Amino acid sequence: MAITLPDGSVRDYDAPTTGAEIAASIGAGLAKAALAVKVDGELRDLKRAIDHDAALEIVTSKSPDALELVRHDAAHVLAQAAKELFPDIQVTIGPVIEDGFYYDFSRSEPFTPEDLEKMEKRMAEIIDRDDPIDREVWDRDEAAAFFESVGESYKSEIIRDLPADQTITLYRQGDWIDLCRGPHLPSTGKVPKAFKLMKLAGAYWRGDSRNEMLQRVYGTAWLNKDQLKDHLTRLEEAEKRDHRKLGREMDLFHFQEEAVGSVFWHDKGWRLYRTVQNYVRRRLDAEHYQEVNTPQMVDRSLWEASGHWEKFREHMFTAQTEDDRIWAMKPMNCPCHVQIFRQGTKSYRDLPLRMAEFGSCLRYEPSGALHGLMRVRAFTQDDAHIFCTEDQITSETIRFCELLSSIYSDLGFEAFVVKFSDRPDVRAGEDAVWDQAEDALKAAAEAANLDLELNPGEGAFYGPKLEFVLRDAIGRDWQCGTLQVDFVLPERLDATYVAESGDRKRPVMLHRAILGSFERFLAVLIEHYAGHFPLWLAPTQYVVATVTNEADDYATEVHAQLAQAGLVGLLDTAADKISYKVRQHSVGKIPVILAVGKREAEERTVSIRRLGSKEQQSLALADAIHTLTNESQPPA
RNA sequence: GCCGAAGUAGCUCAGGGGUAGAGCAACUGAUUCGUAAUCAGUAGGCCGGGAGUUCGAAUCUCCCCUUCGGCACCA
């Protein structure tokens, strides 16, 4: 039997053999380091028989697959530990996730943080035992009966639902046996002690809120302790830049109980908001969007016509007036934009018609969904609808993508990925219309040179969508932009235009947003920059701080000239030490500190210190104003 | 909405049936100083809200609200 190794060499073995034996025949070191094998590209247990010619690769901790194996085994060790400590629980599933794993258990009593510590300790003991992990193939019915007999009804339910042609495998480690597809490490001792149980949470069985709630234990697992430490450090860094914390510290906004899910924007936060909004408005103007503004409150009949009443009624704020009319606070802008489109007769010559609104919407989001600025009940979208012909979908998509990537880049985000979400189970419109919409959007995305990740079944109820997910400074992803093709709403709300032929036709609506909502985007922006905004975005751009009161007059003049040049900043003439002032304003994340003392006053210069730098630069006042004015100009 | 945890000064937190605490911030005064903390003093609280137990509740019990971590949801 010929086994081809990654370096191209071919070795001959008697069949059957195993990955473990092959590794041993190559070298004792490799045998020890081996975690699993790849047979013709398929990841397998080291101990599983190999009985045919194959390309083979020994997987060690250096392989890209190692982390996944280790995390998967850590999940199993957790399940074993939990079962040993709490024999009355049922185990369910425990997959690998980003940075680690989780395991869902069924138990009437909630786990406590102390239980978490116990489980972690027991996991270490199981690893020390170094129990061999062995694969067994079982008959389906026997396996289901077995799990039923030991009180593991979730496992037997999983088995019953597995596809008929799937081999049922169980893995035995020590006294514990679990249903699993594998592959696994050869023994529990191979799991590095570089894991940590992170948190407890509730999670629905099979992800369905109609099902019972299980108890989920989250863990993080790595190949070595250094990696674990790095991960924990990254989490601490993320916590420091949490927009809720920075929002308070930088005096940008607050929330309070009387207005759950709505933002109280303070002076500085609102300045940031306006800066971003004004920037986006200029970009839209340049792209020939019409900016409109539509009613906050609209009679329910419009939402019934659009289909939103039926689908989202319980998530809408409503008001009833003396005349018994029911009004809905608009949860979105599209139906209103169609009303503007319907005013007067539109011609094909009017298309594409790009209608934009900084649309303030209200949605009664479920209480558990609220999260700082990221998910609120009152928010403003940078919304627009492009009314166009089918032929224009491609060119409008390309145009939009160019605008979007340019705006992201100006705002400091260079990387983003695009997801394509197609028809959901519950939807409006005929399948033929969906075919048409999906094909059109996909073709347009291809024409725009986008690399698409597929996101099946995640489209809006009226059409497929592209989702633009940007990556922030510490590698986290945030969905912000969207582009959705809609053939349904123009039909429902009876939007038409007169075609070249003189016939009335339905326009296509492209729903699109770049930031998504200002609230959410500003949260992302705050966290991306960790509050250290570039000058054009910073709500307070500079502070003029005196070294002694002898420089007060000059400092006042510097401040006045900067303000005259359009910059926003502070004057600090308090009788404190300059080092104290530097600290105060650095903590306040003011990007530029201009220190002026006797020397500067005499020479008519300023000493500039940038946030995050210990360097100082002495510049003539006029040059400093010139430099800072240039730097504070928005990109467009 | 569901599971779990938490709400004490502006912030971070201690206290745990018998008069409400600290550090930082704030305010007042002094300090005139060269790039991340000068000194002293003052003020600040219905201990998230409501009910109950008790001679007495910030503390114990119940209900509610909000926040946090997840799940579900996200037009």
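The structure presented is a predicted model; accordingly, all values stated were derived computationally and were not measured. For the numbers below, each heavy atom of this structure counts, side chains included, while hydrogens, waters and symmetry mates do not. Letters A, B, ... are given to chains in the order of the sequence lines, protein chains preceding strands, and every chain is numbered from 1.
Contact annotation: Lys199(A) side-chain N/O to rG70(B) OP1/OP2 distance is under 4.0 Å. The side chain of His371(A) contributes no N or O atom lying less than 4.0 Å from OP1 or OP2 of rG70(B).
As a whole-Å value, the separation of Asn211(A) CG from rG1(B) P is 20 Å. Distance, Ile578(A) CD1 to rU38(B) C1': 14 Å, rounded to whole Å.
For Arg244(A), counting side-chain heavy atoms from C-beta on, the closest listed nucleotide (rC2(B), rC68(B), rG7(B)) is rC68(B). Taking the side chain of Asn549(A) as heavy atoms from C-beta on, and the options rU35(B), rU67(B), rU32(B), the nearest nucleotide is rU32(B). The listed nucleotides are rU67(B), rG70(B), rA75(B); the one nearest the side chain of Val260(A) is rU67(B). The side chain of Ala460(A) approaches rA75(B) more closely than any other nucleotide in the set rC71(B), rA36(B), rA75(B). Candidate nucleotides rG70(B), rG34(B), rA75(B) were compared by shortest atom distance to the side chain of Lys598(A), and rG34(B) ranks first.
rU28(B) and rA40(B) make up a base pair, with Watson-Crick or G-U wobble contacts both under 3.5 Å. Figure legend. rC2(B) is base-paired to rG70(B); pairs are counted as Watson-Crick or G-U wobble with both atom distances under 3.5 Å.
Using a 4.0 Å heavy-atom criterion, one finds that Pro110(A) contacts the sugar-phosphate atoms exclusively. Using a 4.0 Å heavy-atom criterion, one finds that Phe111(A) contacts no nucleic acid atom at all.
Checked by distance alone, Ser367(A) brings no side-chain donor or acceptor within 3.5 Å of a matching partner on the base of rU66(B). Side-chain atoms of Tyr204(A) and base atoms of rG70(B) include no donor and acceptor less than 3.5 Å apart. With hydrogens and angles ignored, a donor-acceptor pair closer than 3.5 Å exists between the side chain of Glu600(A) and the base of rG34(B). With hydrogens and angles left out, the side chain of Arg609(A) and the base of rA36(B) share a donor-acceptor pair within 3.5 Å. Scanning atom types as modelled, one donor and one acceptor separated by under 3.5 angstrom connect the side chain of Arg375(A) and the base of rC73(B).
Taking the nucleotide of RNA chain B with the nearest heavy atom to each of Met332(A) and Asp242(A), the more 5' of the two is matched to Asp242(A). Toward the 5′ end of RNA chain B lies the nearest nucleotide of Val587(A), the other residue of the pair Val587(A) and Lys311(A) mapping further downstream.
Using a 4.0 Å cut-off between charged nitrogen and carboxylate oxygen, Glu249(A) and Arg244(A) do not count as a salt-bridge pair. Salt-bridge check for Glu396(A) with Arg354(A): passed, with a basic side-chain N closer than 4.0 Å to an acidic carboxylate O.
Within 6.0 Å of atom CD in Glu314(A), more than 12 heavy atoms from other residues, nucleotides or ligands are found, so the atom counts as buried in its surroundings. For Arg471(A), the CZ atom sits in a loose shell: 12 or fewer heavy atoms of surrounding residues, nucleotides or ligands are nearer than 6.0 Å. Applying the 6.0 Å contact sphere to CD of Gln256(A) captures more than 12 heavy atoms from other residues, nucleotides or ligands.
One C1' atom belongs to rC13(B), the other to rU61(B), and the distance between them is 27 Å to the nearest Å. Spacing of P atoms, rC60(B) relative to rG16(B), comes out at 11 Å, to the nearest Å.
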